Amino acid sequence: MGLLKAVWRHPSGRIGAAIIFIFLVLAGLGVVGLTPHDPLKQFVVDRLKPPSATYWFGTDLLGRDNFSRLMLGISESFIVAFASVAVAASAGAVIGLFAAWWGHLWDGVLMRTMDVLLAFPAILLALLIVAIEGAGMVTSIVAIGIVYTPIFARVVRAPALALKAREFVEAARTFGSSQGYILTRHLLLNLVAPLTVQITLALAWALLTESGLSFLGLGTQPPAPSLGVMLAESKSMMTRAPWLMIFPGLTIMLAILGFNLLGDALRDILDPRTQGRAA
Amino acid sequence: MNYLTQRLLTFPLVLLGVSLLVFFAIRLVPGDAIIAMLGTEAGLLTEAQRASLAAYFGLDQPIVVQYGRWLAGLFEGNLGISVTYGKPVLEVILARFPLTLELSLLSMLISLAVGIPAGVFAATRVDRPSDLVVRLFAMLGQSTPSFVVGLVLIYFLSVTFRMLPAMGSFTPLFVDPIGNLSQMILPSITLGLSFAAAVTRISRSAMLDVLSDDYVRTARSKGASQRDVVWKHALPNALIPVVTLSGVEFGYLLGGAVIVEQIFALPGLGRLTLDAISQRDYPLVQGAVLFIALNFLVVNLLVDLAYAALDPRIRLGGK
Amino acid sequence: MSTLLEVRDLHVGFGREPRDNEVVKGVSFGLEAGKTLAIVGESGSGKSVTALSVNRLVDFGGGRITKGKITLQRADGAAIDITAADEPALQRIRGREIGMIFQEPMTSLNPVHTVGAQIEEAFRLNRGLVGAAATRAAREALERVRIPDAAQRLRYYPHQLSGGMRQRVMIAMVLASNPRLLIADEPTTALDVTVQAQIMALLAELREELGMAMIFITHDIGLVAGIADDIMVMQHGVAVEQGKLDSVLDNPQHDYTRHLLKAVPHFTSGSAVRSDGGSHAAPIVTVDNLAVRFPVLKGLFRRKTGAVHAVDGVDFELRPGETLAIVGESGSGKSTTARAILGLVKATRGRIEAKAGRSGRPVQMVFQDPYASLNPRLNVEGLLAEPAIAAGQRVDAKLRQRMVFLLERVGLTKDALSRYPHQFSGGQRQRLCIARALMLNPDVVVLDEAVSALDVSVQARVLELLIDLQREFGLAYLFISHDMAVVERIAHRVAVMYAGQIVEIGKAAAVLGAPQHSYTKRLIAAVPAIERRRQHFAVDVTQVPSLVRPAGFEPPAAKWREAGDDHRVRVEETA
């Protein structure tokens, strides 16, 4: 695959891809239960132990293994992030594409609806949805998915409008090509690149929002560990057991960093105009 | 059609959409509207009490009529009565709002003051070590959630200085400016860090784009100095995307305030919303969400006006 | 005469290893005060890079001077080596001693500052003028470049001015410093031909007045014939021929110079029109009283206050096997006419009739920009298959056979099928577009500025190909162009469009050789030609009229005058 090779040659792309790969492995092991300890089991005698050979990242107030909980937390956060971005990207892409293609009234109606959603700060819209549906993993997915749908709609609509005016689409019209053919072959195919970049960057935001919701107690519910929940729990013990804060904090940061780096690299590779421009 | 006219025309439409969404979203809460309005206390009511309450609040009317009455109430500033506070929702919100507004504005100010110069600095030294350092910090800043920043700041304060920032109650700016700022500075930095990183990144890439534009070459051919080229010719053009970003990001700041207020135990609008959700005080949730969205929309409109002021192509229309 | 500028063995490279990536490979020339040197070459010849090295603007585009010396005689008599000068010294030279105007007037002015502010800045930097003195100087400069209402125009932003006006503003800015050397980098390439003539006349006048030397860069050897003293022809980073203008034009030594002079289309006032083909058969496309109007909407309620009359009352016939060229400048409505025939824009009124011929879609189109008219994500097989798929055909061996046949016919090979557009040059892409247009075996091909985006020598070969294909397949061409020289080579008949209407139509030799309408005459007079290089033109400031008409406006019916066999001219109002 040319793209994978290009990512690997890109300095920040390589770091980002490596980070995400490690996290995916950890998350995978977490899901199938291959953790050093049972993440939910309470080793009562080993409460608040600092990092050691047995408990790599220490233990929490209830004597649960911090590292095992992190692995499970990563998988929880990643599932929410991937699922919500899948929702947002597909819904947003369809809305943006049709708004651009049909134009006129449809464009107005669809994009003003997106504006209404955008009028709510992301966390707040998610809060509203959580308030209605009650906290939980599915609610988080739906909430984050809805929050990012308008962003994808905008990301797709602008280049779709530009493509629609391009001469190869006009040429297609002179041949009498069908709408379906033009939409898929001429528009969607050329939107793969910006969508790939946006999906990668959206995964970073989704992780951020998911952990934020969990931190507020409105995402994944305890005792299931999620990165946000673990950080929230660490707050009251930060001076006694700083490792409970440091490791989840670093984990979230690294995961978001990984997607941001990869997204930037993809943008450099896929958009020749910004070659070497990503900050 | 003129961009500004279009913007001003669609504004009320979006407002209407927002009110529709907030109104009907709350109606989606499982259980009936009485529970939605009175929370758990609704369980103590008898059937007859329920019916008379429903008639009193107009809940026996068709939903469209209910929406109309609610909307009409909005114009008089009537957002309903908070169940937990027993006071008008608007009054509760207005008491908490100054803190959140100050927090958002302060962090925006810090972000722009740090981000724009940093971005310009990096763009004029592209690919040199100083550029790489700025890019690294911007990347890290953008990847660090505010609650991690906040916790780390509190941790260092409490471990190194054995002190904690003043929490719990809010000191208004005009009462005690120094007390207010010493209370607000850490939360503002916490909230503004990732925005500062975003401003740095976008200023840098916009500057890079603009610096390779033809009119910059024209300015150089006239004999303009590097300083004139950067600040007079390039920056005004590069600011256009920064301003656009600021409008959008102000919403994230208002939303992010929820988290930061929670970490620093600040009694702002964000924490009010959060408490209202956990206490199922639906009129308050509805009011707070609507109020924040409204603020965001107004700021966005102002930003668009600023955007137009910067760009004569939009201000004056034309090709 | 003293030598103003002396360039010795100039090498310029780009990228991390500029020495391995040289674009200019050892160019030398000298320029005396008050003289004009023309540097002629196609894209990639290194002509612009050479010019940008003279004031070291090339540094800001990523270039490095790797070798050589550029000696400039300064106003105070001291000589300075520009390749060794530091940035502050260069800033004193730029503007004050060396002025420059660029190719793209649309992007060369800062969009957020008024033109007044930008001209005043030049006066501040180079003459130390500020405040009212600078404003007055800026106004005088605008008047000098013949911009009407100069005092008001100072407050305009660049986007409120036309391309020709913007180029005059650029020239006004350069005047601020009275430079002893003006570098003009393709200053008229982006402009219409009549506007080009205005700018060229203005430059020639100012050069006499100020006694400045000029380096004029262009791809059009005909354009510099009237303005240059010396000429330098560049190809692949080397000067292949240099010398006095007349000796190079009349007695070229190098093959490439000969090629530029002979193979490339030059306008010869109708004496080089085609003698083959043409037809008197019944028309295959008939356009009758065609009008295309775009509504102008104003105010809060988007009320229709008028309309842009892009095309108004156009009729013509296209006969099988002939080329009808529609010539005109930007805004003349020529492209809109073409797009209306293909149904890409809706006709407001009128009748377009295309006889069903060899296939269901008898009319096909080739667009101007070969980079934009091919979907970058599809390979050639996918691109060529599209018209067939749209016509309901299956992609099978027979269809592939036709693809290969057409590819070979337009000068490409079979292995192109699996390649993507970015792997081809501009000329090859346009050949692909032509092959694609022929997939369904049409009777008519509309060519909308189809060779305008190509380099001059590529242009000549694509024109030849088009003529061959026309003979072989019996195609009729509707050839839309702004370029009289190209039109002369391919057209049997010519229609001249101005402000949405045809003003003159007829046999190519008659229209191009003996133009009757005042606009046709003006248009033809503006075309640069080597033969007419000793003629001088006065500065003419005619502006194109606005096409926006109030709601309900109907143009008066056209009156026509026969100027000969198959040559009609619109009667002009004597106002």
Side-chain angles (χ1 to χ4, degrees), chain B residues 1-13 123-124 126-128 206-243 306-319, chain C residues 16 52 55-62 87-88 90-114 117-119 121-126 156-163 169-170 173-174 176-177 179 182-183 185 297-302:
Chain B
M1 187 164 40
N2 187 310
Y3 173 77
L4 284 183
T5 340
Q6 193 176 355
R7 199 65 188 74
L8 285 168
L9 272 183
T10 51
F11 185 70
L13 268 182
T124 53
V126 64
D127 287 339
R128 288 200 234 154
M207 274 304 273
L208 278 181
D209 275 344
V210 167
L211 281 174
S212 63
D213 274 347
D214 286 350
Y215 52 80
V216 165
R217 191 176 58 178
T218 304
R220 289 202 162 110
S221 79
K222 285 196 278 190
S225 64
Q226 174 73 0
R227 206 186 58 200
D228 274 7
V229 165
V230 168
W231 297 101
K232 276 179 59 186
H233 287 274
L235 188 62
N237 284 288
L239 275 183
I240 293 168
V242 177
V243 169
Y307 176 60
L310 271 178
D311 192 340
R313 283 163 295 189
I314 290 174
R315 184 168 76 232
L316 303 171
K319 285 170 224 166
Chain C
R16 280 182 203 282
L52 287 168
N55 58 2
R56 285 275 299 276
L57 280 182
V58 73
D59 295 24
F60 297 99
E87 189 54 27
L90 290 169
Q91 277 169 22
R92 281 192 297 276
I93 288 172
R94 287 186 202 125
R96 269 183 236 189
E97 314 237 358
I98 305 177
M100 184 154 188
I101 51 178
F102 301 93
Q103 175 171 359
E104 278 298 334
M106 305 317 256
T107 53
S108 291
L109 291 168
N110 195 326
V112 303
H113 297 305
T114 60
Q118 296 184 59
I119 301 174
E121 185 189 22
F123 278 101
R124 176 175 65 75
L125 289 169
N126 300 314
Y156 276 40
Y157 286 92
H159 76 273
Q160 296 170 300
L161 299 174
S162 69
V169 170
M170 284 294 293
M173 216 146 74
V174 167
S177 52
L182 173 65
I183 303 172
D185 186 3
L297 305 171
K298 279 232 174 82
L300 283 183
F301 303 101
R302 318 201 71 184

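Order of the sequence lines fixes the chain letters, A, B, ..., with proteins taken first and strands second; residue numbering starts at 1 for each chain. Just so it is clear, the model here is predicted, and its values are computed rather than measured. Just so you know, these numbers use all the heavy atoms, side chains as well, and skip hydrogens, waters and symmetry mates.
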Scored by heavy-atom pairs under 4.5 Å with chain C, the best of Val216(B), Thr218(B), Asp213(B) is Thr218(B)
Cut-off 4.5 Å, heavy atoms of chain B, and the answer for Met173(C) is side chain
Whatever's closer than 4.5 Å to a heavy atom in chain B on Asn126(C) counts as side chain
Applying a strict 4.5 Å limit to non-hydrogen atoms, the region of Leu125(C) in contact with chain B is side chain
Bottom line for Ser177(C): the part with an atom under 4.5 Å from chain B's heavy atoms is neither
When the 4.5 angstrom heavy-atom criterion is applied to Ile183(C) and chain B, the contacting part is neither
Output for pair (Asp185(C) CG, Ser221(B) OG), nearest 0.5 Å, gives 11.0 Å
Honestly, the part of Ala219(B) sitting under 4.5 Å from a heavy atom of chain C is neither
* Asked: Looking only at side chains, do Gln226(B) and Arg220(B) share a donor and an acceptor under 3.5 Å apart?
  -> yes
Answer key: most heavy-atom pairs under 4.5 Å with chain B among Glu87(C), Glu104(C), Gln118(C), Arg96(C) is Gln118(C)
**OP:** Decide, yes or no, whether a salt bridge links Arg124(C) with Asp228(B) under the criterion of side-chain N to carboxylate O below 4.0 Å.
**Re:** yes
**Message:** Tell me if a side-chain donor or acceptor on Asp214(B) pairs with a main-chain N or O of Thr107(C) at a distance below 3.5 Å.
**Reply:** no
Scanning both residues in full, the closest heavy-atom pair of Pro312(B) with Pro111(C) reads CG-O, 3.0 Å
One should read off an interatomic distance between Leu211(B) CG and Phe60(C) CZ, to the nearest 0.5 angstrom, of 10.0 Å
Given Met100(C), Met170(C), Glu121(C), the one with more heavy-atom pairs under 4.5 angstrom with chain B than any other is Glu121(C)
Looking only at heavy atoms, the pair that brings Ala117(C) and His113(C) closest together is CB-CB, 4.4 Å
